[in-house]
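Note on naming: letters A, B, ... go to the chains in the order of the sequence lines (proteins, then strands), and numbering restarts at 1 for each one.
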Protein chains: 2
Amino acid sequence: MAAALEHSKETIAMRVVDALRDDIITMALKPGDVISESDIAGRYGVSRQPVREAFIRLAQQGLLLIRPKRATVVKKISPTGVRQSRFIRESIEVEIIRRVAGQPSDDAADVLQTLIADQEAASAANDSRRFHTLDELFHRTLARLAGVEYAWQLIDDHKMQLDRVRYLTLGVSSTQRAIAEHKQIVEAVAKADPAAAETAMRAHLARAELLLNQTISDFPDFFE
Amino acid sequence: MAAALEHSKETIAMRVVDALRDDIITMALKPGDVISESDIAGRYGVSRQPVREAFIRLAQQGLLLIRPKRATVVKKISPTGVRQSRFIRESIEVEIIRRVAGQPSDDAADVLQTLIADQEAASAANDSRRFHTLDELFHRTLARLAGVEYAWQLIDDHKMQLDRVRYLTLGVSSTQRAIAEHKQIVEAVAKADPAAAETAMRAHLARAELLLNQTISDFPDFFE
DNA sequence: CCCGGCAGCCTTCCATACAAGACGGATAAT
DNA sequence: ATTATCCGTCTTGTATGGAAGGCTGCCGGG
């Protein structure tokens with residue numbers, strides 16, 4: 001895992017952050033794993049200092065837990081934390097979809113239709129990685145249409161817990177169903193029907209609860 | 001300002017974080033001010049290392065802006081950032097108040113009534129600092145009653161921008177009006193009327209928009 | 001006057017050494 | 001056999017020196 005740091009970002013610390021976050025989300029580093037500054041530093045051939053700063057950043061993002069003078073561990077996934085992250089996301093996305101459906105711009109429906117077409121292509125090609133990216137883009141586009149794209153960035157920070165769960169269920173999730181639900185949402189937007197849009201959005205997000213419960217029983221060691 | 005670090009927390013870095021955050025929110029450090037690691041380190045009599053880590057943490061919380069190899073500045077307040085923080089808060093608090101008013105627990109109204117009484121006392125004593133604390137507690141209590149107290153912590157992180165604005169308007173805000181609005185909210189909860197509760201909550205939060213606009217014209221240098 | 005280069009000073013960034021707490025196992029006393 | 005204590009070894013926390021890059025202003029050539 002993670003042989004050489006990609007020298008994409010400016011500082012070493014940033015590169016370490018990106019590398020570690022990727023390892024954590026893709027479960028190369030599993031919840032509960034114990035790591036240490038010198039460990040990671042040696043693995044990447046850098047000094048402890050930038051690794052330490054990376055730890056601080058990732059700890060603030062809820063991916064690591066620094067136990068002073070003891071050790072640093074990859075944080076286990078907190079079910080209640082995930083549920084409340086979902087609560088937050090639902091609150092915001094419902095408000096977003098109300099705005100978009102309430103005063104849809106002229107090209108809103110068209111843009112969303114195009115995205116769904118791409119998703120169908122990705123689904124047909126069985127490219128779940130790309131499908132995931134497009135799914136995210138779909139929701140981000142809704143935020144942009146509501147004029148609160150900045151708010152989505154903010155969700156992003158607290159969405160990584162959900163992403164870890166999602167990664168564990170990559171093959172499981174039925175892309176067909178997700179696409180159908182997206183279509184319902186767009187349909188409501190086209191009709192400028194906020195109430196229907198809200199209902200469709202809530203139904204769409206509610207599925208995550210089922211996945212979470214299944215994942216907990218499949219990988220109990222990864223949860224608190 | 002901030003003579004000796006209160007030795008409340010474990011590590012020096014944490015103490016520096018608390019001290020700096022307090023200075024920023026209370027406007028002892030003004031938006032646009034340039035600071036440096038050695039500057040702060042000398043001021044508190046510690047080495048640069050813990051200061052540097054404090055900078056990283058505060059930068060991730062959006063209070064500082066680290067410009068690599070150049071300098072570190074107290075971030076100016078972004079009006080659109082504040083508006084979108086408000087959007088997020090409104091989304092979540094509306095969802096919360098719906099839940100609370102939809103299925104109010106037995107003692108919900110009583111607890112809230114007590115808080116309002118305390119607020120009236122603080123208002124009568126002209127203790128705006130305490131009033132602010134109680135106002136925050138009111139909203140946090142609502143989150144607890146809805147079973148999503150963790151979610152409130154999460155709001156807290158992104159509420160500091162709003163707090164800086166609020167501090168600039170300490171004497172301005174009419175506590176009487178806020179109390180009246182709180183009463184309306186509690187009344188709707190007591191009647192178990194989610195729609196009325198939602199309306200009252202939105203009206204309550206909407207006032208912040210006016211304060212923001214006035215503050216921008218009063219302190220243009222503090223905004224982007 | 002105008003403009004390009006260069007030097008000095010500033011910053012953050014990185015490396016390294018040391019300090020101090022926490023843990024585990026060996027060891028010795030009971 | 002059991003238990004308390006100490007010591008080696010891990011960890012993160014702090015201090016400090018130097019590296020690398022950016023900014024300013026002087027200075028000299030046009």
Side-chain angles (χ1 to χ4, degrees), chain A residues 2-21 23-24 29-76, chain B residues 2-21 23-24 29-76:
Chain A
L5 258 28
E6 310 200 1
H7 45 290
S8 42
K9 291 297 176 60
E10 301 282 339
T11 70
I12 296 181
M14 292 180 185
R15 292 198 284 271
V16 175
V17 167
D18 287 346
L20 282 178
R21 176 170 43 217
D23 284 346
I24 293 173
L29 287 174
K30 297 179 174 49
D33 280 1
V34 175
I35 58 183
S36 85
E37 294 173 1
S38 5
D39 176 19
I40 303 295
R43 193 176 304 176
Y44 288 120
V46 300
S47 104
R48 265 186 52 207
Q49 187 61 28
V51 174
R52 175 174 178 76
E53 299 180 0
F55 278 18
I56 293 175
R57 288 185 155 90
L58 293 171
Q60 269 205 329
Q61 297 181 8
L63 294 180
L64 291 183
L65 175 64
I66 300 176
R67 302 195 310 180
K69 304 292 181 69
R70 285 176 200 81
T72 298
V73 302
V74 179
K75 214 174 179 187
K76 294 205 177 187
Chain B
L5 260 28
E6 311 199 1
H7 44 291
S8 43
K9 291 294 175 65
E10 300 283 336
T11 70
I12 296 180
M14 292 179 185
R15 292 199 285 270
V16 175
V17 166
D18 288 346
L20 283 178
R21 178 171 39 218
D23 284 347
I24 293 173
L29 287 174
K30 296 179 175 46
D33 280 0
V34 175
I35 57 182
S36 84
E37 295 172 0
S38 8
D39 177 19
I40 304 295
R43 193 175 304 176
Y44 288 120
V46 300
S47 102
R48 286 171 8 234
Q49 184 63 24
V51 175
R52 175 175 176 74
E53 299 182 359
F55 278 16
I56 293 175
R57 288 183 155 91
L58 292 170
Q60 267 205 330
Q61 298 182 9
L63 293 181
L64 291 183
L65 176 65
I66 300 176
R67 304 195 311 181
K69 304 292 176 70
R70 282 176 205 88
T72 299
V73 303
V74 180
K75 215 174 179 185
K76 293 204 176 187

Between [N] and [X], is there an OP1 or OP2 to side-chain N/O distance shorter than 4.0 Å?
X: A:Arg67; N: D:dT11; answer: no
X: A:Arg52; N: D:dG13; answer: yes
X: A:Ser36; N: D:dT11; answer: yes
X: A:Thr11; N: C:dT12; answer: no
X: A:Arg70; N: D:dC10; answer: no
X: A:Ser47; N: C:dC14; answer: no

Got a second to check how far B:Glu10's CD is from B:Met14's CE, nearest 0.5 Å?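 So the CD of B:Glu10 and the CE of B:Met14 are separated by 7.0 Å.
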Let me confirm one number: the CZ-CG distance from B:Arg57 to B:Leu20, rounded to the nearest 0.5 Å.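 Atom-to-atom, B:Arg57:CZ and B:Leu20:CG are 12.0 Å apart.
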Can you tell me the distance, in whole Å, between the [atom1] atom of [X] and the [atom2] atom of [N]?
X: A:Glu53; N: C:dC14; atom1: CD; atom2: C1'; result: 8 Å
X: A:Lys69; N: C:dA22; atom1: NZ; atom2: P; result: 7 Å
X: B:Ile40; N: D:dT14; atom1: CD1; atom2: C1'; result: 18 Å
X: B:Ile12; N: D:dT12; atom1: CD1; atom2: P; result: 18 Å
X: A:Leu65; N: D:dT12; atom1: CG; atom2: C1'; result: 13 Å
X: B:Glu10; N: C:dA20; atom1: CD; atom2: P; result: 16 Å
X: A:Tyr44; N: C:dC14; atom1: OH; atom2: C1'; result: 18 Å
X: A:Glu37; N: C:dA15; atom1: CD; atom2: P; result: 13 Å

Given [options], the nucleotide with the shortest approach to the side chain of [X]:
X: B:Pro50; options: D:dG13, C:dC14, D:dA15; answer: D:dA15
X: B:Gln49; options: C:dA17, D:dT16, C:dT12; answer: D:dT16
X: A:Arg48; options: C:dT16, C:dA22, C:dA15; answer: C:dT16
X: B:Ala13; options: C:dC13, D:dT14, C:dT11; answer: D:dT14

Walk me through whether B:Asp18 and B:Arg21 qualify under salt bridge (charged side-chain N to carboxylate O under 4.0 Å, His left out). CA-CA 5 Å; B:Asp18 288 346; B:Arg21 178 171 39 218; 2.9 Å; yes
Assess the residue pair B:Leu64 and B:Ile24 against the criterion (side-chain contact (heavy atoms from CB on, under 4.5 Å)); give the C-alpha distance rounded to whole Å, side-chain angles, the decisive distance to 0.1 Å, and a yes or no. CA-CA 9 Å; B:Leu64 291 183; B:Ile24 293 173; 3.9 Å; yes
Quick check: closest heavy atoms across A:Ala19 and A:Tyr44, and the distance to 0.1 Å?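 Looking at all heavy atoms of both residues, the shortest contact is CB-OH, 3.6 Å.
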Applying a 4.0 Å non-hydrogen cut-off, can you work out what A:Ile56 is touching in the nucleic acid: base, sugar-phosphate, or nothing?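 Counting heavy atoms under 4.0 Å across all strands, no contact is made by A:Ile56.
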